Number of protein chains: 4
Amino acid sequence: MHTIGRPRRGRGRRPADEVRREVIEAAGELLFEEGMAGFTFDKVASRSGASKMTLYKWWPSKGALALDGYFKRVEPVLAFPDTGDIGADLRAQLHAFVHVISDSPAGPAIAELIGQAQTDPELKAAYLRRYSSPRRALAAEAMERAKQRGQLRVDLDPETVIDQLWGACYHRLLLPDQPLTEGFVDALVTNLFDGIGP
Amino acid sequence: MHTIGRPRRGRGRRPADEVRREVIEAAGELLFEEGMAGFTFDKVASRSGASKMTLYKWWPSKGALALDGYFKRVEPVLAFPDTGDIGADLRAQLHAFVHVISDSPAGPAIAELIGQAQTDPELKAAYLRRYSSPRRALAAEAMERAKQRGQLRVDLDPETVIDQLWGACYHRLLLPDQPLTEGFVDALVTNLFDGIGP
Amino acid sequence: MHTIGRPRRGRGRRPADEVRREVIEAAGELLFEEGMAGFTFDKVASRSGASKMTLYKWWPSKGALALDGYFKRVEPVLAFPDTGDIGADLRAQLHAFVHVISDSPAGPAIAELIGQAQTDPELKAAYLRRYSSPRRALAAEAMERAKQRGQLRVDLDPETVIDQLWGACYHRLLLPDQPLTEGFVDALVTNLFDGIGP
Amino acid sequence: MHTIGRPRRGRGRRPADEVRREVIEAAGELLFEEGMAGFTFDKVASRSGASKMTLYKWWPSKGALALDGYFKRVEPVLAFPDTGDIGADLRAQLHAFVHVISDSPAGPAIAELIGQAQTDPELKAAYLRRYSSPRRALAAEAMERAKQRGQLRVDLDPETVIDQLWGACYHRLLLPDQPLTEGFVDALVTNLFDGIGP
DNA sequence: CTCTAAACGAGACGGTACGTCGAGTCTTCTA
DNA sequence: TAGAAGACTCGACGTACCGTCTCGTTTAGAG
């Protein structure tokens with residue numbers, strides 16, 4: 001059944017890039033509309049006008065497809081502020097991060113993607129490689145620069161700090177015992193810079 | 001289909017408690033054997049000898065059932081050490097925690113439960129109420145006592161610290177960019193007590 | 001998608017007989033509307049409101065299902081005339097047979113069923129057992145009675161005659177080199193009773 | 001995917017005759033190996049090294065292609081014996097025919113082709129024109145000659161006799177209620193020459 | 001002998017049906 | 001009368017084949 005007005009597209013081969021683009025757009029729409037619960041190969045195929053065979057050829061799991069759809073919508077902003085003050089930079093980046101996952105549909109989407117990744121090895125690998133890892137690298141580099149500027153302990157492991165800042169936020173996103181607010185992220189930074197001792 | 005050897009149990013009524021117990025045991029077995037991916041109502045019903053109808057009567061979703069099965073296997077140890085030294089207590093508790101989720105089948109199981117909870121509201125609510133929340137409370141109370149002993153800042157928010165310690169560990173469990181080791185948890189505590197500044 | 005007006009039927013169990021009846025009726029409709037070419041499990045399931053699982057449980061192949069549908073529509077008339085004159089009886093029966101397969105939708109349907117049976121062992125077996133064999137038996141019995149009345153050679157094999165009468169008609173149905181007319185069946189009988197020699 | 005050892009043939013244009021020959025050979029092989037059930041354009045294309053596009057250009061349906069493959073293997077022997085004794089000639093020809101369709105792979109193949117023809121108009125037309133019709137013509141001509149020799153009734157319709165001999169055999173091939181033996185074909189001829197009356 | 005147009009191989013593509021599986025609902029029968 | 005048994009609908013799964021179409025290559029035939 002073709003939508004009226006859309007020109008009847010022949011059944012034969014179409015340029016791969018065109019097909020991929022349409023599929024990914026449809027995947028993004030569906031992910032943000034229905035979440036991972038209602039995200040199926042069938043629906044993406046039907047929305048995009050592609051056949052299921054094509055989807056299975058390019059994406060190893062529905063999670064991997066949803067991840068591509070997610071990126072299409074949330075064009076990743078990887079910029080990391082560098083004002084020379086690492087404390088301020090971390091705070092600024094965390095504020096932006098919390099804003100995105102709290103006040104936009106991206107929050108639930110990313111939570112469900114991480115959830116799906118727990119039973120979808122392909123998705124977990126893709127998520128780490130394409131999303132998580134580059135972001136960690138940016139933060140780690142910023143902290144390394146700060147170490148050279150004398151703003152951080154020279155023996156500090158930036159990766160650990162990343163888990164204590166962004167990891168703490170993800171924890172509240174996935175297991176919302178406590179709210180995820182700006183005050184929370186400010187406290188995260190303060191705890192680390194000032195310590196929690198008396 | 002009944003396993004050969006298991007006595008053919010009649011179809012009639014059985015005591016509710018007996019049924020519940022057998023179902024939960026079967027759920028726990030299945031969860032640890034096949035993970036959430038292969039965890040279905042059908043299999044639990046078939047293993048336990050109970051009917052699906054009974055399962056749907058008592059558990060609102062397969063996640064909620066799996067959670068009960070999880071508890072049956074991992075009899076929750078809620079004790080929190082109290083030696084009078086909050087730093088040592090946190091460190092000890094984190095070491096035990098990391099040991100459980102790294103070196104026992106409970107780690108993958110809990111990761112998959114949290115994953116499933118992202119698309120299963122019933123499970124998320126049950127998880128927070130029965131698992132997450134009481135553990136947070138124990139840690140928070142320990143920190144409150146430490147504040148009264150003068151070991152922690154009086155204006156410290158224990159909830160935030162919890163996310164920076166256990167939340168950081170969950171982050172590495174769910175998104176294993178970096179390994180989850182004892183050295184890592186030691187660094188978590190050190191960072192918070194000594195600060196990350198120069 | 002349910003037809004508007006048809007009461008939304010719950011998803012649960014329904015009496016097997018009710019389901020079977022609806023399925024077979026739908027199968028018959030579909031067979032006579034679209035022929036075997038367009039006859040699929042999917043369409044029968046959708047028309048009947050039954051699920052494909054149910055169909056696969058009861059019918060080993062789509063041919064077997066179509067055969068049941070065929071019987072539902074063409075309530076088999078197994079009566080064989082017995083006037084005491086075997087020549088007249090055969091002629092009458094053949095006239096009726098040719099009328100059915102030439103001038104009703106049953107002709108194409110039965111041709112396609114036989115066609116499908118060539119690559120569907122389940123259908124072939126069912127067809128022989130339920131359709132072909134009982135009809136042959138009636139004709140054979142009629143000829144045996146005629147032998148006792150002295151109207152046929154005592155050493156005649158009725159089964160061979162059946163293939164020379166009805167088999168000849170099926171041949172023209174399946175491979176229509178020549179038309180299938182009343183004159184043809186009259187000639188069939190004449191040839192056998194009078195011989196073809198000079 | 002090319003079989004190792006077979007020289008990698010370039011992709012460009014090849015002589016049409018060479019392509020046709022290879023396709024038809026592959027079709028014949030496939031038909032006799034897997035029957036119509038497993039006979040697909042895809043497999044013929046892959047076996048022959050031709051592209052599906054080419055197949056669709058020359059054959060209107062898979063049945064038509066299979067028919068060409070059949071002919072390639074069973075080089076049609078159209079000779080009809082002419083000893084001057086029509087009874088003996090018919091008997092001889094029928095014996096040979098029964099031998100072919102009973103004791104060689106051609107029997108199932110031809111049955112499946114006739115089966116497929118019931119839902120494939122192109123195949124039915126081709127079958128009648130190229131296979132059925134010329135063979136009927138030979139038999140009819142032999143009988144016409146016999147009429148002139150005074151061995152058959154002058155008003156006999158040979159076409160009807162053909163259906164009572166070969167048609168009866170096809171009936172037993174397609175719907176094997178009863179076995180297809182030499183005794184059967186002898187009885188067919190006897191019934192027609194001697195009549196079935198007392 | 002060169003150049004072009006046709007024909008070909010490869011194979012992706014949309015579409016439809018296949019046969020299976022699990023979720024959730026409902027009936028029947030037993031103890 | 002609660003519970004076991006299990007059949008049922010629904011919808012998605014992943015695969016196979018059909019008939020169409022794009023792309024790049026090669027040869028046949030025209031100039």
Side-chain angles (χ1 to χ4, degrees), chain A residues 1-2 8-16 18-20 23 38-46 48-58 61-62, chain B residues 1-2 8-16 18-19 38-43 45-46 48-57 60-62, chain C residues 1-2 8-16 18-19 38-46 48-58 61-62, chain D residues 1-2 8-16 18-19 38-43 45-46 48-57 60-62:
Chain A
M1 202 68 62
H2 282 77
R8 175 68 173 82
R9 187 166 51 218
R11 299 173 67 185
R13 183 177 189 172
R14 285 189 300 142
E18 178 187 336
V19 174
R20 273 192 71 92
V23 168
F39 189 93
T40 65
F41 275 87
D42 272 343
K43 285 182 189 162
V44 175
S46 136
S48 66
S51 102
K52 280 198 293 175
M53 272 252 86
T54 306
L55 306 195
Y56 282 109
K57 185 168 293 171
W58 284 340
S61 71
K62 73 174 188 171
Chain B
M1 204 67 60
H2 282 77
R8 175 70 171 82
R9 185 165 53 223
R11 297 175 69 182
R13 178 177 188 177
R14 286 189 302 142
E18 176 188 337
V19 174
F39 189 94
T40 66
F41 275 86
D42 274 339
K43 286 180 188 164
S46 138
S48 67
S51 107
K52 281 203 293 177
M53 177 126 261
T54 308
L55 305 195
Y56 279 106
K57 184 170 295 174
S61 71
K62 74 173 187 171
Chain C
M1 201 68 61
H2 281 76
R8 175 68 172 80
R9 184 165 53 219
R11 299 172 67 184
R13 181 176 189 172
R14 287 188 298 143
E18 177 188 336
V19 174
F39 189 93
T40 66
F41 275 87
D42 272 342
K43 285 181 189 163
V44 175
S46 140
S48 67
S51 103
K52 281 198 293 176
M53 273 253 83
T54 306
L55 306 195
Y56 282 108
K57 184 168 295 174
W58 284 340
S61 71
K62 74 173 186 171
Chain D
M1 204 65 62
H2 282 77
R8 175 69 172 83
R9 186 168 49 225
R11 300 174 66 187
R13 180 176 185 175
R14 286 189 300 143
E18 177 188 337
V19 174
F39 189 93
T40 68
F41 274 86
D42 274 340
K43 286 180 187 164
S46 141
S48 67
S51 111
K52 281 201 295 174
M53 179 126 261
T54 307
L55 306 195
Y56 280 107
K57 184 169 295 173
S61 72
K62 75 172 187 173

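Computed from a prediction, not measured in an experiment: that's the story for all the values here. Throughout, protein chains are lettered first and strands after them, A, B, ... in sequence-line order, and every chain is numbered starting at 1.
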From NZ of B/Lys62 across to P of E/dG22 the rounded distance in Å is 10 Å
Among E/dG19, F/dT15, E/dC13, which nucleotide sits nearest the side chain of A/Val19?
-> E/dC13
Starting from P on F/dC23, measure out to CD on A/Glu18 and report it in whole angstrom.
-> 10 Å
Distance, rounded to the nearest Å, where A/Met53 contributes CE and F/dC17 contributes C1' | 10 Å
Toward the 5' end of DNA chain F, by each residue's nearest nucleotide, A/Phe39 or D/Lys43 | A/Phe39
Answer whether the closest heavy-atom distance between the side chains of A/Trp58 and A/Val19 falls below 4.5 Å.
-> yes
Value for OG (A/Ser61) from CZ (A/Phe41), rounded to nearest 0.5 Å, stands at 6.5 Å
Separation of C/Tyr56 atom OH from F/dC10 atom P, in whole Å?
-> 16 Å
Picking from F/dA12, E/dC13, E/dG22, which would you name as closest to the side chain of A/Thr40?
-> F/dA12
Under 3.5 Å, is there an N or O donor on one side and an acceptor on the other linking the side chain of D/Lys52 and the base of E/dG11?
-> no
Side chain of C/Lys57 - closest among F/dA7, F/dA4, F/dC17 = F/dA7
Between E/dG9, F/dC18, E/dA23, which one does the side chain of D/Ser51 approach most closely?
-> E/dG9
Length of the CG-C1' vector between B/Leu55 and F/dG6, whole Å = 14 Å
Please give, in whole Å, the distance from F/dG14 P to A/Trp58 CH2?
-> 18 Å
Looking across every strand, which nucleic acid part, if any, lies under 4.0 Å from B/Phe41 by heavy atom: base, sugar-phosphate, or nothing?
-> sugar-phosphate
C/Lys52: salt bridge (Lys or Arg N to Asp or Glu O under 4.0 Å) partners, not counting sequence neighbours = C/Asp42
Across all chains, not counting sequence neighbours, the salt bridge (Lys or Arg N to Asp or Glu O under 4.0 Å) partners of D/Lys62 are none
May I have the distance from C/Asp42 (atom CG) to E/dC18 (atom P), rounded to whole angstrom?
-> 5 Å
A/Val23/A/Thr54 under side chain to side chain contact (heavy atoms under 4.5 Å, CB included): CA gap, chis, key distance, verdict | CA-CA 10 Å; A/Val23 168; A/Thr54 306; 5.6 Å; no
If only side-chain N and O atoms of C/Thr54 are considered, is one of them under 4.0 Å from the OP1 or OP2 phosphate oxygen of F/dA7?
-> no
